[in-house]
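What follows is a set of notes on a single structure, which appears directly below.
Heavy-atom basis, side chains included; hydrogens, waters and symmetry copies ignored.
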Amino acid sequence: MYDHKKIEEKWRKYWESNQTFYCDTHDFQKPKFYALDMFPFPSGQGLHVGHPEGYTATDIISRMKRMQGYNVLHPMGWDAFGLPAEQYAIEHNEHPEISTRKNIAHFKKQIQALGMSIDWSKEISTIDPDYYKWTQWIFCRLFEHDLAYVADVPVNFCPELGTVLANEEVIDGKSERGGYPVIRMPMRQWMLKITSYADRLEKDLEGLNWPKSTIEMQRNWIGKSSGVEITFKVKGSGESFRVFTTRVDTLYGCTYCCLAPEHPLIPLLVGENEKKDVLSYLEEAKKKSDLLRTSLSKEKTGVPLGAYAINPINGKEIPIYVADYVLGSYGTGAVMAVPAHDQRDYEFAKAHHLPMIQVLEGDISSAAFEGDAPHIHSEEANGKGIAEAKAIITKKLVALGAGKEVINYKLRDWLFSRQRYWGEPIPVVQKKDGTSAILKDDELPLTLPELDQYAPTKDGKPPLSKAPDAWLHPVYEGEKVTRETNTMPQWAGSCWYYIRYIDPHNKNALADKKLLDHWLPVDLYIGGQEHAVLHLLYARFWHKFLYDIGVVSCKEPFQRLFHQGMILGANNEKMSKSRGNVVNPDEIVETTGADSLRLFEMFAGPLSDSKPWSTEGLNGARRFIERSFRLIDGEEEKKRHSHTNSHELDYVYHSMVKKCTEDFESLDFNTAISSMMVFVNECYKAKTLYVPYLEGFTKIFSCICPFAGEEMWSLLGHDQTIAYETWPTYESDALIQRKVKIAIQVNGKVRDVVEVSPSATEEEVKSLAFQSEKVKPYLAEKTVRKCIYVPGKIMNLVVA
RNA sequence: GCCUAGGUGGCGGAAUGGUAGACGCAAGGGACUUAAAAUCCCUCGGGGGCAACUCCAUGUCGGUUCGAGUCCGAUCCUGGGCACCA
């Protein structure tokens, strides 16, 4: 009798009471396998029914790899800093340290209830000073290498609340809480120079076993584009400005230029008559958040600056405008406008009645022509296509000293500081002379001070600015200094946790170099696609930096990446409290069992697809477990035999082993499970059951359903755990079928199916086909023009 | 608008260019049972036909091929991401 509660409790206790269970042995003789989950943020809601999906997948692979003789590292930890933890603490009026620890304990218990083969001796948490000591250490190294700097950058500031808000706390320009207006305001921030790594981050995407779409997203995010930077002189002043263009070939068609509202030259160049209009336009632009500025679709606004630029290619004077469709943060913050061949410029020119000069043949009566065509009105480039014209004009600009080829990136530097309490303190002090200095390594970790008031306060200053004087004003090299009061973002801790898992208790380094060289890179990383750019790009950036300073020896952290889909509600919508379709995993474990939950989530569909929750499907999974269980513990037990005499069972068993071995590797669990179901169905039909087949099945089964698997293994008479048994192998001979069915087609339509031996010749099959009563009518009074025979599959007779 | 992944029974989904619908769920029938549940077995895309059988079917329209869910070209729809990127 399958009693999930009894069985799961029994084996949970067995694993938990044995501290070395699933611990990797640092055995360098064995091949290694590092299976990593995106570690969870331990929210107050507890585990979601979506969490087990990815975790089960890495768990199945880990269990299979152990059986295949690998030394497996399969750890788990907690991404426990950050805004949501802080807000949860504020809401529950409990210090984040306390509430977060509680949530972690809850999460851990829930994950353990799911039977994950996790090495808990490697457990880490980003909020442990022993851990964030090394997060701070990495920051210090970045600082030393000029990759961390301070800048004034615009943030979302809400004057009413007096705090800086995260993007997700701002909705339509209003604060999420209270609905107060939010403005973009420059504030002193720590930045990390990820742009220095843009080129390598782009290049090294090549060769990663990652989903194509994720690689594409990172490529687009980095946004490499090559073009030309052109210098435009301003008429009647010594000033000049640069624009970046990917379409230098259209330079003869440039009829005006636009500066972003942030452009530093505006105050210097603005004409007396235009001053009022320009200033009020700048004021308006400031009020617009990036979101607002970019969502004002179609309508292109802007005002004339009252200054003129000289087109370096032909000396023509063209007006300069200020327009907020030009972004200060990309390129040079200025563009040359070619309305005939750029749609945005086209719309702006129409709205402001600016001239157009067509420089490529094509129709521009209703929209800009952006395709390739021979150039016109372009002097030396006339008659040439885009590529050739680019080369010609670039050459001329370079000769004139007015242009150079450059590579531009969309990627911006990483805003690394937060005006929050619940994050790693930035290990920096401000000296009296205004310079910043990092703490010495032996002063790390710089721990968070105890604060009564950790909530953001109305003056907009970080909570740490209210820390006790002893913390805030330490003595540094004999001088009384002020500590940095910003903290790090949640991304910081999650940038390198996969490194710490390898050697989590090391006091002298992030991790032992020899161990890092052994375990890295991560062999399989599973997590949601929502991290396709931010986390996965930041972590790659840090990893490359650590590579440069000799901490790690491989260039990329995650060799293979996979995104699991979402578990949707039964109504096919995203699970959420407000939709009332949330399923609680604790309840499922209680009523139906962790094994059923694991099996259901793996069988419901491809791992990467979103799939709806289904209570019927869960019951179906449970039925399969019971059915498998009864093969070993029930009436079917009597059929057990030490030899096999069923060819069908041989075939089905070995097919299953082959299918599971291959499909587990490619994470196609749904089809692997279906082959296991076929095997079990065949067992019920079989007269005898061959014991080694039952054992082989149980080994594979135990990867998906570890509790039931262990129990079945012991019912088969073993007193050792199944976890370190040897993975079953298949015999190719058993996969050769004695009879195969050949579909006989006439002109592509199936008319009969004949059974032959797999080695049957074309002539043999053809003669069977001609004898077939079902085929004959279609051949009557026709000639066979052609015969296509695919052994083991079909024969197609083409007649006319 | 751009990028990206998809559209297959009542449902979740299978299918190296080779018999579309594996496997599961739901449904129906049968066996067992005093009965129910559980279990085991069978049926199960649609139309037509008593039946043998036959026609239609993988969003839509074309194309390539002996043969297309699969490849190519259009087109419609859905999900995810990005969004004035010069």
If I pick the C1' atom on U19(B) and the same atom on G67(B), what distance separates them, to the nearest angstrom?
12 Å
Please indicate whether Lys224(A) has more than 12 foreign heavy atoms, meaning atoms of other residues, nucleotides or ligands, lying under 6.0 Å from its NZ.
yes
Can you tell me the distance, in whole Å, between the CD1 atom of Ile567(A) and the C1' atom of G12(B)?
11 Å
Nearest listed nucleotide, side chain of Thr671(A), among A15(B), U39(B), G24(B)
A15(B)
Of the listed G18(B), C40(B), G24(B), the closest approach to the Arg627(A) side chain comes from C40(B)
Contact class for Arg785(A) (heavy atom, under 4.0 Å): base, sugar-phosphate, or nothing?
nothing
Integer-rounded Å distance: G81(B) C1' and Trp210(A) CH2:
16 Å
Is the backbone N or O of Asp345(A) less than 3.5 Å from a side-chain atom of Tyr256(A), with the two atoms forming a donor-acceptor pair by type?
yes
Does Arg623(A) place a side-chain N or O at less than 4.0 Å from the phosphate oxygens OP1/OP2 of C25(B)?
yes
What one-letter contact string describes nucleotides 53-58 of chain B from 5' to 3', where B marks a base within less than 4.0 Å of any protein heavy atom, S marks contact via sugar-phosphate atoms alone, and - marks no contact?
SSSS--
Could you please name the option among G13(B), G18(B), G24(B) that lies closest to any side-chain atom of Ile794(A)?
G18(B)
Within the 4.0 Å heavy-atom criterion, would you say Val753(A) contacts the bases, only the backbone, or no part of the nucleic acid?
base
Aromatic ring pairing Tyr538(A)/Trp414(A), orientation class (parallel under 30°, perpendicular over 60°, tilted between)
parallel
What contact category does Gly223(A) fall into here, base, sugar-phosphate, or nothing, at under 4.0 angstrom with non-hydrogen atoms?
nothing
On a whole-Å scale, what distance lies between the P atoms belonging to G69(B) and C61(B)?
13 Å
Using the P atom on both, measure G62(B) against U70(B) and round to a whole Å.
14 Å
The nucleotide from C40(B), A86(B), C23(B) with an atom nearest the side chain of Arg630(A) is C40(B)
Give a yes or no on whether a salt bridge exists between Glu648(A) and Lys685(A), defined as a side-chain N under 4.0 angstrom from a carboxylate O.
no
With a cut-off of less than 4.0 Å, is there a side-chain N or O of Arg242(A) near OP1 or OP2 of A86(B)?
no
Round to the nearest Å and state the distance from Glu682(A) atom CD to C23(B) atom P.
11 Å
At 4.0 Å (heavy atoms only), tell me whether Asn796(A) reaches a base, stays on the sugar-phosphate, or touches nothing.
base
Please check: side-chain N/O of Thr255(A) versus main-chain N/O of Pro355(A), any donor-acceptor pairing under 3.5 Å?
yes
Would you mind telling me which of A15(B), G24(B), G13(B) lies closest to the side-chain atoms of Pro606(A)?
G13(B)
Students often get this wrong, so: under 4.0 angstrom with heavy atoms, is Asp345(A) touching a base, only sugar-phosphate, or nothing?
nothing
Do the side chains of Glu755(A) and Lys739(A) get close enough for a salt bridge, i.e. N-O under 4.0 angstrom?
no
Could you state the atom-to-atom distance from CG of Leu599(A) to C1' of C23(B) in whole Å?
12 Å
As its Watson-Crick or G-U partner within any shown strand, both distances under 3.5 Å, G69(B) has none
Suppose you measure atom C1' in G12(B) against the same atom in G48(B); what distance do you get, rounded to whole Å?
31 Å
What is the ring orientation for Phe348(A) with Tyr325(A), classed by angle as parallel under 30°, tilted 30 to 60°, or perpendicular over 60°?
tilted
Find the distance Arg622(A):CZ to C25(B):P and express it as a whole number of Å.
14 Å
Verify the ring-centre separation between Trp613(A) and Phe600(A): is it less than 6.0 angstrom?
yes
5' priority, RNA chain B, between Glu626(A) and Arg344(A) [closest heavy atom]
Glu626(A)
Syn/anti state for G9(B) [syn: chi within 90° of 0]
syn
Parallel, tilted or perpendicular, judged at 30° and 60°: which one describes the rings of Trp491(A) and His535(A)?
parallel
What integer distance in Å separates Met217(A):CE from G81(B):C1'?
4 Å
Only pairs with both distances under 3.5 Å count, Watson-Crick or wobble alike; so what is the partner of U75(B) in this structure?
G59(B)
When the P atoms of U54(B) and A38(B) are compared, how many Å lie between them, rounded to an integer?
40 Å
Mate of A83(B) across any strand shown (Watson-Crick or G-U wobble, both atom pairs under 3.5 Å) is none
Using only side-chain N and O atoms of Asn681(A), determine if any of them is under 4.0 Å from OP1 or OP2 of G24(B).
yes
Contact class for Gln529(A) (heavy atom, under 4.0 Å): base, sugar-phosphate, or nothing?
nothing
Quick check for you: among C82(B), C23(B), U19(B), whose closest atom lies nearest to any side-chain atom of Trp221(A)?
C82(B)
When the P atoms of C25(B) and C41(B) are compared, how many Å lie between them, rounded to an integer?
12 Å
Between Arg598(A) and Glu53(A), is there a side-chain N and carboxylate O pair less than 4.0 Å apart?
no
Of the nucleotides G81(B), U16(B), G12(B), which one has an atom closest to the side chain of Phe603(A)?
G12(B)
Paired with A31(B) by Watson-Crick or G-U wobble geometry, both distances under 3.5 Å: which nucleotide is it?
U39(B)
Under 4.0 angstrom, heavy atoms only, what part of the nucleic acid is Thr245(A) near: base, sugar-phosphate, or nothing?
sugar-phosphate
For Met336(A) and C85(B), give me the distance from atom CE to atom C1', rounded to whole Å.
15 Å
Tell me which nucleotide among C66(B), A15(B), U19(B) gets nearest to the side chain of Lys786(A).
C66(B)
For Val798(A), answer base if it contacts any base atom (sugar-phosphate contacts may also be present), sugar-phosphate if it contacts only those atoms, and nothing otherwise; contact means non-hydrogen atoms under 4.0 Å.
sugar-phosphate
Which label fits Phe697(A) and Phe701(A): parallel for a plane angle under 30°, tilted from 30 to 60°, or perpendicular past 60°?
parallel
Under 4.0 Å, counting only non-hydrogen atoms across every strand here, what does Lys611(A) touch: a base, just sugar-phosphate, or nothing?
nothing
Distance between the P atoms of U64(B) and G73(B), in whole angstroms?
15 Å
For the C1' atoms, the ones on G18(B) and on C71(B), what distance do you get once it is rounded to whole angstrom?
14 Å
Classify Asn670(A) by what it touches in the nucleic acid, base, sugar-phosphate, or nothing, heavy-atom distance under 4.0 Å.
sugar-phosphate
Residue set satisfying ring pair (Phe, Tyr, Trp, His ring centres under 6.0 Å) with Phe664(A), at least two apart, ordered chain then number -> Phe669(A), Trp727(A)
Nucleotide forming a Watson-Crick or wobble pair with C25(B), both distances under 3.5 Å
G10(B)
Using heavy-atom distances to pick each residue's nearest nucleotide on RNA chain B, tell me which of Glu216(A) and Ser675(A) is more 5'.
Glu216(A)
Expressed as a whole number of angstroms, how long is the span from Lys410(A):NZ to C82(B):C1'?
8 Å
